[in-house]
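A short worksheet on the structure shown next.
Start at 1 and go down the list; that is how both ligands and their atoms are numbered. This is a predicted model, so every value here is computed, not measured.
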Amino acid sequence: MTTRISKAVIPAAGLGTRFLPATKAMPKEMLPVVDKPAIQYVVEEAVAAGLHDVLMITGRNKNALENHFDRMFELEALLEQKGDRNKLAKVNESTDLADMHYVRQGDPRGLGHAVLRARMHVGDEPFAVLLGDDIIDERDVLLERMLEEQEKRGASIVALLEVDPSQISMYGAAEIETTDDPDVVRITGLVEKPAVADAPSNLAIIGRYVLRPEVFDILERTPPGKGNEIQLTDALQEMAVDVEGTGGVFGVIFRGRRYDTGDRLDYIKAIIQLAADRKDLGAELRPWLHDFVSTLDAELPAGGLLD
Ligand code: G1P
């Protein structure tokens, strides 16, 4: 008998040092992508896939996350009084989205350690993990497809993306065998952030996982790996090899639109791409972008570049 997966775990305890000073007193997950905090896209994705029970793994300095998914009475009352239904709807978008839960990570000892903090809440059932740095375009399907494969195969599932081989050392890399499904592969090995020359393929794990609960026992005894952190990839490597004990690991290859908000340059690209496709902004932004791009070939701007 299979139970439908209902729980999503979102690790959000990272310090966000790449975005300092913006993230000095504010969690990086609250940085707006157009006009919505990055984390809201991720929770919306989980809910759209039917995962209404969301556990966020947070840390110090993350109160804004809890506030964002809670009521904001003063603002609601004010907008109600003004009769501004539009803005009121925006305020309420994130309030009733999901059944939110929070646990703190304490020591920041890596992604594997963060996921292990979900054990009490998740219990003995499969669950999804969504990393906040990756936004999957709502017009493309990924998580639903992974849930479907989890149910069908009884395995753990990771999302894979073909990346330029020079980029693979920023990701967990997969060694694979093909299956009869063109978008599904069997994982025979995983390496966290390998050197380009040692990478088993250019298939990178992107931040979506559907895991069997056996992962918790394995994480309990996974020693620190790359960067001296407890790596989820290392636990999954063990599961990939121990098919009998854990059901093994499969990968769903994603060929849709994914936006990385994890570093500044990718974050800027994400905002431009998403804003250009928005009903309310695209029509004005697109021609402006065209004009702006044509000025970039000219010499350096007056006064030189900014620091
Ligand atoms: C984490 C994982 C890595 C994965 C990546 C996807 O790394 O450890 O295996 O490929 O997320 O975004 P991080 O980006 O947190 O360093």
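Within the structure, ring pair (Phe, Tyr, Trp, His ring centres under 6.0 Å) pairs that include any residue of residues 115-152 comprise His101-His121, Phe127-Phe216 (at least two apart or interchain).
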Check ligand 1 for close polar pairs with the protein: N or O on both sides, less than 3.5 Å.
unit_1   : atom_1 : unit_2 : atom_2 : d
ligand 1 : 7 (O)  : Lys193 : NZ     : 3.4
ligand 1 : 8 (O)  : Glu192 : OE1    : 3.3
ligand 1 : 8 (O)  : Glu192 : OE2    : 2.7
ligand 1 : 9 (O)  : Gly172 : N      : 3.1
ligand 1 : 9 (O)  : Glu192 : OE1    : 2.6
ligand 1 : 9 (O)  : Thr233 : OG1    : 3.2
ligand 1 : 10 (O) : Gly172 : N      : 2.9
ligand 1 : 10 (O) : Ile205 : O      : 2.7
ligand 1 : 12 (O) : Asp134 : OD2    : 3.3
ligand 1 : 16 (O) : Lys193 : NZ     : 2.6

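Side-chain atoms of Arg208 never come within 3.5 Å of backbone atoms of Leu143 as a donor-acceptor pair (strictly under, hydrogens ignored).
Remark: Tyr41 engages no residue in a ring-ring contact (aromatic ring centres under 6.0 Å, His included) (not counting sequence neighbours).
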Could you list the donor-acceptor pairs under 3.5 angstrom formed between side-chain atoms of residues 239-255 and any protein atom two or more places apart in sequence or on another chain?
unit_1 : atom_1 : unit_2 : atom_2 : d
Asp242 : OD1    : Gly245 : N      : 2.9
Thr246 : OG1    : Met239 : O      : 3.0
Thr246 : OG1    : Asp242 : O      : 2.8
Thr246 : OG1    : Gly248 : N      : 3.3

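Ion pair Arg145/Asp183 flagged as a salt bridge, since at least one NZ, NE, NH1 or NH2 atom sits closer than 4.0 Å to an Asp/Glu carboxylate oxygen.
In the model, Asp181 has no side-chain atom that pairs as donor or acceptor with a side-chain atom of Thr179 under 3.5 Å.
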